[in-house]
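Read through the structure below, which is laid out as structure tokens, and then see the notes.
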Amino acid sequence: MKFIFDAVIKAVKELYGTDIDLAIINIQETRKEFVGQVTLVTFPLIKFSKKSPEQTGNEIGEYFANNLTEIAGFNVVKGFLNLSLTDSFWTNKLFNEILDPKFAQFKLNGKKVMVEYSSPNTNKPLHLGHIRNNLLGFSVAEILAAAGYEVVKTNLVNDRGIHICKSMLAWQKFGNGETPNSSGLKGDHLVGKYYVLFDKEYKKQIEALIAAGNSEEESKKNAPLIIEAQEMLLKWEAGDPDVISLWKTMNSWVYEGFTETYKTLGVNFDKFYFESGTYLLGKDIIEEGLQKGVFFKKEDSSVWIDLTDEGLDQKLLLRSDGTSVYMTQDLGTAQLKYNDFHMDKSIYVVGNEQDYHFKVLFTILKKLGKEGAAGLFHLSYGMVDLPSGKMKSREGTVVDADDLMNEMQQTARVHTENLGKINDFADEEKMELYHTIGLGALKYFLLKVDPKKRLLFDPNESVDFQGHTGPFIQYTHARIRSVLNRVDVVPTEYVYNEKLDSEERDLIVALSNYPEVIQTAAEGYSPAIIANYVYDLAKIYNKFYHEKSILQAESDEIKQFRIKLTIASGKVVKHAMNLLGIEVPERM
RNA sequence: GCACUUGUAGCUCAAUUGGAUAGAGCACCUGACUACGGAUCAGGAGGUUAGGGGUUCGACUCCCUUCAAGUGCACCA
């Protein structure tokens with residue numbers, strides 16, 4: 001559509017004798033209640049034409065009609081100049097651009113971006129909130145790759161700390177040597193069970209202490225279990241062989257479990273970082289900041305940064321005893337990641353409860369003049385809540401990731417069996433299909449919403465399979481495949497002189513928007529933009545499909561043309577769904 | 001208390017980043033195959049965009065304010 005922008009500049013120059021900036025040209029898709037496909041908003045131009053919006057529109061429209069071969073006609077409604085492009089413009093678009101194998105394939109832009117996501121704790125299994133995180137991270141990475149970035153997907157695993165020791169201690173005390181093998185429990189679930197058990201026993205001790213006359217605060221601090229857990233953490237930090245060995249064993253169980261969950265979810269990583277390997281980093285940056293005068297030291301020798309000029313607070317960076325805090329290690333880890341990859345952009349997919357932390361982190365890195373600091377971005381997403389409120393692992397009010405994915409596949413099975421369209425499938429094919437549809441429904445449900453908005457999930461109301469859903473789009477694809485499977489000769493003719501029907505033209509217009517949609521989604525780090533686009537596209541295709549016969553078209557020429565439209569639609573639907581991490585089936 | 005985010009149809013979400021009469025899905029009502037797949041399509045009903053003020057040719061969008069919800073404000077991570 002760039003030629004229209006150029007034409008507007010030229011038109012204004014010739015009609016009104018002014019050079020105008022590209023930025024003030026407002027071009028949009030014509031709303032469907034008006035005639036045309038492309039609309040120029042003329043309000044911003046009247047200061048150059050010195051005429052009414054209507055008159056300006058008419059003059060520019062007249063100019064276009066006389067000077068642009070692509071323009072078939074125009075109409076003006078108030079300050080809107082609606083342009084109709086010729087049918088041959090649109091058919092050329094389909095033949096030369098959309099059907100080209102390179103359509104929507106952006107060239108590498110020479111920039112590297114890191115997407116850090118998932119970042120689980122190794123003391124409990126993944127839940128619905130993690131699913132949102134994983135899907136967002138994976139999809140954003142795919143979208144950025146499609147837009148021409150070189151992408152590195154990383155996972156910073158939180159594998160140490162007091163919470164890990166809690167699971168370990170509970171297992172040691174109450175586990176009787178239970179293992180994933182002996183119990184048949186998935187490793188992460190087994191470890192999670194002991195994390196919950198710790199909390200239960202710990203609470204009992206607190207209650208007993210309170211009953212014995214202690215204050216609540218004292219009881220929480222002095223309960224034997226918590227003291228033992230803290231001792232265990234110290235031993236871990238000191239490298240105690242027994243503790244380290246137990247830690248390694250239990251973490252390996254968790255990793256086995258996570259690997260399985262990631263596989264079912266369809267996400268992957270190029271590089272893992274472990275907090276056990278990064279938690280001591282960052283002290284050299286503290287030193288650097290002090291030397292540069294960006295940080296300051298208090299009398300007790302704790303180190304701070306004053307960010308009150310930025311509208312933030314003073315922030316502690318190093319304790320008075322010289323040990324690090326969360327921010328210290330995140331500074332160090334940011335540096336480590338940069339040293340490893342020298343990326344231009346770095347995306348952190350982390351929930352919005354950490355908005356302040358990342359604001360501070362990025363500000364500090366900028367103040368230190370760190371390379372890559374300008375490319376830092378916190379992809380902050382809203383929490384997933386249940387109707388009953390927040391999910392709490394310790395209280396067992398979580399929607400478990402594995403359970404949920406299982407249920408989705410079961411639901412897909414019920415739907416599919418009721419329709420009875422794939423009774424000839426082998427069992428293995430059926431299972432694969434239930435997985436495709438069940439996860440498609442779940443992923444679409446979570447990704448179609450703007451990341452920053454919080455998400456309400458009602459486990460009692462199953463995720464829909466009809467309407468604005470993943471399966472609707474998957475169904476559209478299966479139907480397209482079904483039509484194309486009946487075509488024996490792939491059309492090779494690339495001229496078309498028939499008049500376009502509105503359903504055909506609408507479809508080409510929608511398809512031609514796809515590259516720009518990828519670009520917008522990449523710039524906004526928003527899979528939701530892709531999700532909403534591909535739904536619209538599927539709807540437009542379904543309408544076309546209903547109104548127009550493809551295989552029984554009025555003439556062979558029209559039939560060939562509609563087959564090509566169908567091929568193009570199937571291609572874009574599949575590509576867009578894959579950017580969301582969703583597979584599309586051949587049949588369903 | 002201070003800061004950040006959110007508030008759109010009964011419910012779940014859109015709205016091309018300031019453009020036309022705010023659009024979809026679910027649920028509800030009505031219709032459409034002896035036609036390429038009915039997990040579909042067409043239509044109906046459903047709105048003071050939380051309330052109020054402002055900015056301008058034009059505001060769901062920007063500014064101020066009130067209200068509601070969520071999150072954050074540890075020498076925790």
Side-chain angles (χ1 to χ4, degrees), chain A residues 26-34 39 41-44 46 52-53 77-80 82 121 158 160-163 275 279 298 300 302-304 311-313 316-321 323-327 329-330 351-357 359 380 382-383 385 389-390 412 415-416 418-419 421 437 441 445 448-450 452-458 461 463-476 478-487 513 516-517 520 524 528-529 531-533 535-536 538-539 542-543 545-553 559 562-563 566 587-588:
Chain A
N26 188 338
I27 302 245
Q28 55 192 284
E29 207 170 302
T30 304
R31 298 183 69 120
K32 64 169 181 255
E33 60 263 40
F34 302 102
T39 294
V41 184
T42 59
F43 288 109
I46 58 176
S52 71
V77 181
K78 294 193 274 184
F80 300 88
N82 301 317
N121 293 338
N158 186 344
R160 64 163 286 282
I162 189 72
H163 48 291
E275 261 197 50
Y279 81 108
K298 290 192 176 171
D300 63 0
S302 58
V303 178
W304 297 72
L312 305 169
D313 297 323
L316 175 84
L317 302 176
L318 200 65
R319 294 192 186 103
S320 48
D321 64 4
T323 58
S324 9
V325 292
Y326 184 36
M327 189 61 76
Q329 69 172 272
D330 262 11
N352 62 11
E353 57 209 342
Q354 296 199 38
D355 283 355
Y356 188 77
H357 173 76
K359 211 182 264 184
S380 161
M383 298 286 102
D385 290 330
K390 234 187 140 167
H415 278 273
T416 307
N418 284 343
L419 292 168
K421 292 177 181 176
I437 299 175
F445 179 80
K448 75 172 181 184
V449 183
D450 184 344
K452 67 172 175 284
K453 293 193 177 172
R454 71 186 263 267
L455 206 59
L456 192 76
F457 183 85
D458 190 344
E461 256 179 64
V463 174
D464 276 328
F465 281 63
Q466 270 147 13
H468 190 179
T469 67
F472 168 89
I473 301 163
Q474 291 174 320
Y475 172 77
T476 306
R479 199 189 219 182
I480 285 171
R481 294 307 312 163
S482 170
V483 173
L484 293 178
N485 282 334
R486 290 165 188 273
V487 175
N513 287 336
E516 207 180 314
V517 171
T520 310
I529 289 173
N532 286 305
Y533 166 80
Y535 168 66
D536 280 335
K539 251 191 349 177
N542 280 330
K543 186 180 172 86
Y545 177 92
H546 244 266
E547 301 293 322
K548 302 293 165 193
S549 188
I550 299 163
L551 301 178
Q552 268 78 44
K559 175 177 163 182
R562 289 183 183 157
I563 289 172
T566 300
R587 288 175 57 192
M588 65 187 276

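A quick note: this is a predicted structure, and the numbers were derived from the prediction, not measured. Just so it is clear: chains get the letters A, B, ... in the order the sequence lines come, proteins before strands, and each one is counted from 1.
In this structure, B:G25 and B:C11 make a Watson-Crick or G-U wobble pair, each of the two defining distances being under 3.5 angstrom. Base pairing annotation: B:A68 forms a Watson-Crick or G-U wobble pair with B:U6, both donor-acceptor distances under 3.5 Å. Look at B:A59: it lacks any Watson-Crick or wobble partner with both distances under 3.5 angstrom. Pairing of B:G1, defined by two Watson-Crick or G-U wobble distances under 3.5 Å, is identified with B:C73. Across all strands shown, B:U40 forms a Watson-Crick or G-U wobble pair with B:A32, both key distances being under 3.5 Å. When both pairing distances are held under 3.5 Å, B:U16 makes no Watson-Crick or G-U pair with any nucleotide shown.
Within the 4.0 angstrom heavy-atom criterion, no nucleotide atom of any strand lies near A:Ile563. Nucleic acid contact for A:Gln28: base, since at least one base atom lies under 4.0 Å from a heavy atom of the residue. Residue A:Asp450 is in sugar-phosphate contact alone, with no base atom involved, counting any heavy-atom pair closer than 4.0 Å across all strands shown. In this structure, A:Asp330 reaches neither bases nor backbone, as no heavy-atom distance under 4.0 Å exists between it and the strands shown. A:Thr39 comes within 4.0 angstrom of a nucleotide base, judged by non-hydrogen atoms across all strands. Residue-level contact check: A:Glu275 touches the backbone only, with heavy atoms under 4.0 Å from sugar-phosphate atoms and none from bases. Base contact: A:Lys548 has a heavy atom under 4.0 Å from a base atom. Contact annotation for A:Asn158: backbone-only contact, meaning every heavy-atom pair under 4.0 Å involves sugar-phosphate atoms and none involves a base. Residue A:Gln329 is classed as a sugar-phosphate contact, given heavy-atom separations below 4.0 Å to backbone atoms only.
The side chain of A:Phe34 lies closest to B:A20 when the candidates are B:C36, B:A20, B:A24. When each of B:A14, B:C13, B:C36 is scored by its nearest atom to the side-chain atoms of A:Lys453, the top-ranked nucleotide is B:A14. Nearest to the side-chain atoms of A:Gln552 among the listed nucleotides B:U6, B:C36, B:A20 stands B:C36. Minimum atom distance to the side chain of A:Arg319 is reached by B:A77, of the listed B:A20, B:A77, B:G7. Proximity note for A:Asp313 (side chain, C-beta onward) versus B:C73, B:A14, B:U6: the nearest is B:C73.
A:Thr416 places a side-chain N or O within 3.5 Å of a backbone atom of A:Ala412 that can act as its donor or acceptor partner. In this structure a side-chain-to-backbone donor-acceptor pair under 3.5 Å is present from A:Thr42 to A:Pro53.
The nearest whole Å value for the distance from the NE2 atom in A:His468 to the P atom in B:A15 is 11 Å.
Both A:Ser549 and A:Asp300 lie close to RNA chain B; mapped to their nearest nucleotides by heavy-atom distance, the more 5′-ward contact belongs to A:Ser549. Nearest-nucleotide positions on RNA chain B for A:Phe80 and A:Phe445 put A:Phe445 closer to the 5' end.
Counted by atom type alone, A:Thr469 and A:Asp464 present zero donor-acceptor pairs between their side chains at under 3.5 Å.
Of the options A:Lys453, A:Lys452, A:Lys448, a salt bridge (charged side-chain N to carboxylate O under 4.0 Å, His left out) to A:Asp450 is made by A:Lys452 and by none of the others.
Remark: A:Lys32 is not in phosphate contact with B:A15, judged by side-chain N or O atoms under 4.0 Å from OP1 or OP2. Using a 4.0 Å cut-off, no side-chain N or O of A:Arg31 falls inside it from OP1 or OP2 of B:G19. Checking the phosphate oxygens (OP1, OP2) of B:U71, no side-chain nitrogen or oxygen of A:Lys359 falls inside 4.0 Å.
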Distances under 3.5 Å only, N/O to N/O: pair up the protein atoms with those of nucleotides 37-42 of chain B.
| residue | atom | partner | partner atom | Å |
| --- | --- | --- | --- | --- |
| B:G37 | OP1 | A:Ser482 | OG | 3.0 |
| B:G37 | OP2 | A:Arg486 | NH2 | 3.0 |
| B:G37 | O2' | A:Tyr475 | OH | 2.7 |
| B:G37 | O2' | A:Arg479 | NE | 2.9 |
| B:G37 | N7 | A:Ser482 | OG | 3.0 |
| B:G37 | O6 | A:Met588 | N | 3.4 |
| B:G37 | N1 | A:Met588 | O | 2.7 |
| B:G37 | N2 | A:Lys421 | NZ | 2.3 |
| B:G37 | N2 | A:Met588 | O | 2.9 |
| B:G37 | N3 | A:Lys421 | NZ | 2.9 |
| B:G38 | OP2 | A:Arg479 | NH2 | 2.9 |
| B:A39 | OP1 | A:Lys421 | NZ | 2.1 |
| B:A39 | N6 | A:Thr416 | OG1 | 3.2 |
| B:U40 | OP1 | A:Gly467 | N | 3.4 |
| B:U40 | O2' | A:Arg479 | NH1 | 3.3 |
| B:U40 | O2' | A:Arg479 | NH2 | 3.3 |
| B:U40 | O2 | A:His546 | NE2 | 3.0 |
| B:C41 | O4' | A:His546 | NE2 | 3.4 |

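The shortest non-hydrogen separation linking A:Phe465 to A:Ala441 is CZ-CB, 4.0 Å.
Shown here, B:U17 is classed syn by the O4'-C1'-N9-C4 or O4'-C1'-N1-C2 angle, which is within 90° of 0.
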Exercise. Apply side-chain hydrogen bond (donor to acceptor under 3.5 Å, both in side chains) to the pair A:Arg479 and A:Asn542, showing each step before the final yes or no.
Key: CA-CA 9 Å; A:Arg479 199 189 219 182; A:Asn542 280 330; 2.7 Å; yes
Using the rule given for side-chain contact (heavy atoms from CB on, under 4.5 Å), can you reason through A:Arg319 versus A:Val325, listing the C-alpha separation, both sets of side-chain angles and the distance that settles it, and then say yes or no?
CA-CA 7 Å; A:Arg319 294 192 186 103; A:Val325 292; 3.9 Å; yes
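Crowding of A:Glu516 atom CD: a count of heavy atoms from other residues, nucleotides or ligands under 6.0 Å not exceeding 12. Residue A:Lys548 qualifies as enclosed at atom NZ: its count of foreign heavy atoms under 6.0 Å is above 12.
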